[in-house]
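Owing to the predicted nature of the structure, the values given are computational and were not obtained by experimental measurement. So you know, we letter chains A, B, ... as the sequences are listed, proteins then strands, and number each from 1.
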Protein chains: 2
Amino acid sequence: MTELGEAAGVLAPPRRRDAAATRATILEAAKTAFAVTGYDRTSLRDIAALAGSDVALIPRYFGGKEGLFTEALKATIAPDRLRDWDRSRFSRDVAEMMAGAADIADPRTRTFQFLLQAATSPTTAPLLGQAVQERFLAPIRDWLGDEAGQERARVLAAIYIGFLVERLIRGAALEGAERTAFVERVTAVIDGVIGAE
Amino acid sequence: MTELGEAAGVLAPPRRRDAAATRATILEAAKTAFAVTGYDRTSLRDIAALAGSDVALIPRYFGGKEGLFTEALKATIAPDRLRDWDRSRFSRDVAEMMAGAADIADPRTRTFQFLLQAATSPTTAPLLGQAVQERFLAPIRDWLGDEAGQERARVLAAIYIGFLVERLIRGAALEGAERTAFVERVTAVIDGVIGAE
DNA sequence: CGGGTAAGTCAACATGCATTGACATAAGGA
DNA sequence: TCCTTATGTCAATGCATGTTGACTTACCCG
């Protein structure tokens, strides 16, 4: 795997012979590798090299490649809390972000790619759906306010995802007049959903 | 591969020893298989079995697995013309569809899964982006009218994609009050973009 | 009708993969 | 310090895959 670079053991903490630490290191490496290369194109050897560990530890600690993947998926889905977004700025911030280019170095981009990969697999899609419900839709609904229905969070999430995908396949950032028009329209669409004025 | 069933040679036409026909059959099988299982999880033996052909023909006819994939991708992207959608009904039709369940038997669902798979791969994403521009954004822009900017088509496409993904990870159809509210809101959002009243 | 060529079949190969088990070694308490 | 156990290392195995080449056979033109 050239896409992850050849750096090995970057994530490894100084302590040696610590099972919990190496486990965590491997899991972190797996999250990155799976996000960039996807499940099948990522070999356990790649992950082990990135983590600076040995391949044989992975089947032992995670029960196999699939176990590692599902655990990485769960760990990825659980965010470090939704940011306290300013409601009046939220839509414009999102619109500006979507008008830019997808940065593969941004861990959020990798996370999203990871989740999108999971969405396309029939086996992981249900797991993802349940997790999205718990960790994503519920917080958004709370953020939107008690009067908001489940459907409102759903619509917002869908639109958000759609723009992320569009940015992904677009590749480059928007420029000039198209950018300003795009930002305006995206802002309007999101405001229409979250009910800001 | 169990997911595609064990039926072999279903797509095969009666004529034998016809290179063009077998090539087309293999390509059709590849489009299906790639959409359902993704690039890596689909083996050439699976495709050959589905097409009722021999594995060795694929490297010979398509130059390898990658060649087959890109050709299947191009063939998938090119639709048999956009339908002449009724502008006044478009948003509601889409909303109703999105509220339903994703049907894997529907070839459009498979096509979308295929494209989504392609979007997550760094190698195929640019190819997909260019194709989406030509075959998708341009027609939508024409449909929206000359006064509409490129960004309007882009936003519509993004929202459309987002709802498709949401439906995919949701799995089941929406029911009851949430469904009606969802349909209403989706209709409003789309109308806001396409400018219908 | 017969031969030449295209089309299909089959077996084999090289490769990369996940996984397993045996072995070495560091860590920490008695 | 020594012994036990957890932890890391290494080599080997079995399997599935893409690809190649040699072989067989159907088709078609003369």
Side-chain angles (χ1 to χ4, degrees), chain A residues 1-4 6 8-30 33-34 36-72 121 123-124, chain B residues 1-4 6 8-30 33-34 36-72 121 123-124:
Chain A
M1 163 179 317
T2 60
E3 309 184 32
L4 288 175
E6 300 83 16
V10 182
L11 306 168
R15 267 180 79 188
R16 304 171 56 181
R17 222 97 188 188
D18 183 342
T22 41
R23 223 191 96 104
T25 308
I26 290 174
L27 188 62
E28 201 59 34
F34 281 141
V36 175
T37 348
Y39 180 81
D40 297 281
R41 299 187 97 94
T42 307
S43 73
L44 295 187
R45 288 171 173 81
D46 293 334
I47 297 174
L50 186 67
S53 301
D54 192 275
V55 203
L57 294 180
I58 299 179
R60 224 189 279 169
Y61 284 165
F62 298 91
K65 188 179 184 180
E66 218 158 330
L68 175 63
F69 180 78
T70 58
E71 191 158 336
S121 167
T123 61
T124 52
Chain B
M1 165 180 314
T2 60
E3 308 185 32
L4 288 176
E6 302 83 15
V10 182
L11 305 169
R15 270 179 76 189
R16 304 169 57 183
R17 222 95 189 193
D18 185 343
T22 39
R23 222 191 96 104
T25 308
I26 291 174
L27 188 62
E28 201 58 34
F34 281 141
V36 176
T37 349
Y39 179 82
D40 296 281
R41 298 186 98 93
T42 307
S43 74
L44 294 187
R45 286 173 171 80
D46 293 335
I47 296 174
L50 186 66
S53 301
D54 193 276
V55 203
L57 294 180
I58 299 180
R60 222 188 280 169
Y61 284 165
F62 298 91
K65 188 179 185 181
E66 218 159 330
L68 176 63
F69 181 78
T70 59
E71 191 158 335
S121 167
T123 62
T124 52

> When you compare the side chain of B:Asp46 with that of B:Thr37, does any pair of heavy atoms fall below 4.5 Å?
no

> What is the distance, to the nearest angstrom, from the CG atom on B:Asp18 to the P atom on C:dA7?
8 Å

> Taking only nitrogen or oxygen atoms into account, show me every contact under 3.5 Å that the protein makes with nucleotides 18-24 of chain C, one pair per line with its distance.
| from | atom 1 | to | atom 2 | distance (Å) |
| --- | --- | --- | --- | --- |
| C:dA18 | OP1 | A:Leu44 | N | 3.0 |
| C:dA18 | OP1 | A:Lys65 | NZ | 3.2 |
| C:dA18 | OP2 | A:Leu44 | N | 3.0 |
| C:dA18 | N7 | A:Arg45 | NH1 | 3.0 |
| C:dA18 | N7 | A:Arg45 | NH2 | 3.4 |
| C:dA18 | N6 | A:Arg45 | NH2 | 3.2 |
| C:dT19 | OP2 | A:Lys65 | N | 3.0 |
| C:dA22 | N6 | A:Arg60 | NH2 | 3.4 |

> Provide, to the nearest angstrom, the distance between the CZ atom belonging to B:Phe69 and the P atom belonging to D:dT17.
17 Å

> Taking the side chain as every heavy atom from C-beta outward, state whether B:Tyr61 and B:Leu27 have any pair of such atoms under 4.5 Å apart.
no

> Tell me: CD1 of A:Ile26 to C1' of D:dT7, nearest whole Å?
12 Å

> Determine yes or no for a side-chain-to-main-chain donor-acceptor pair under 3.5 angstrom, with A:Lys65 supplying the side chain and A:Ile58 the backbone.
no

> Check the distance between C:dA6's C1' and B:Arg23's CZ and give it to me in whole angstrom.
16 Å

> Check the angle between the aromatic planes of A:Phe34 and A:Tyr39 and answer parallel, tilted or perpendicular using the 30° and 60° thresholds.
parallel

> Do any side-chain nitrogens or oxygens of B:Tyr61 fall under 4.0 Å of OP1 or OP2 in C:dG8?
yes

> Report which part of the nucleic acid A:Phe62 touches: base, sugar-phosphate, or nothing (heavy-atom distance under 4.0 Å, all strands).
nothing

> Take the protein atom CG of B:Asp54 and the nucleotide atom P of D:dG21, then report the distance between them rounded to whole Å.
16 Å

> Any idea which heavy atoms bring A:Thr25 and A:Ala51 closest together, and the distance?
CG2-O, 3.7 Å

> Check whether any side-chain N or O of B:Thr22 sits under 4.0 Å from OP1 or OP2 of C:dG8, and answer yes or no.
yes

> Do you know the tightest heavy-atom contact between B:Ile47 and B:Ala33?
CG1-CB, 4.0 Å

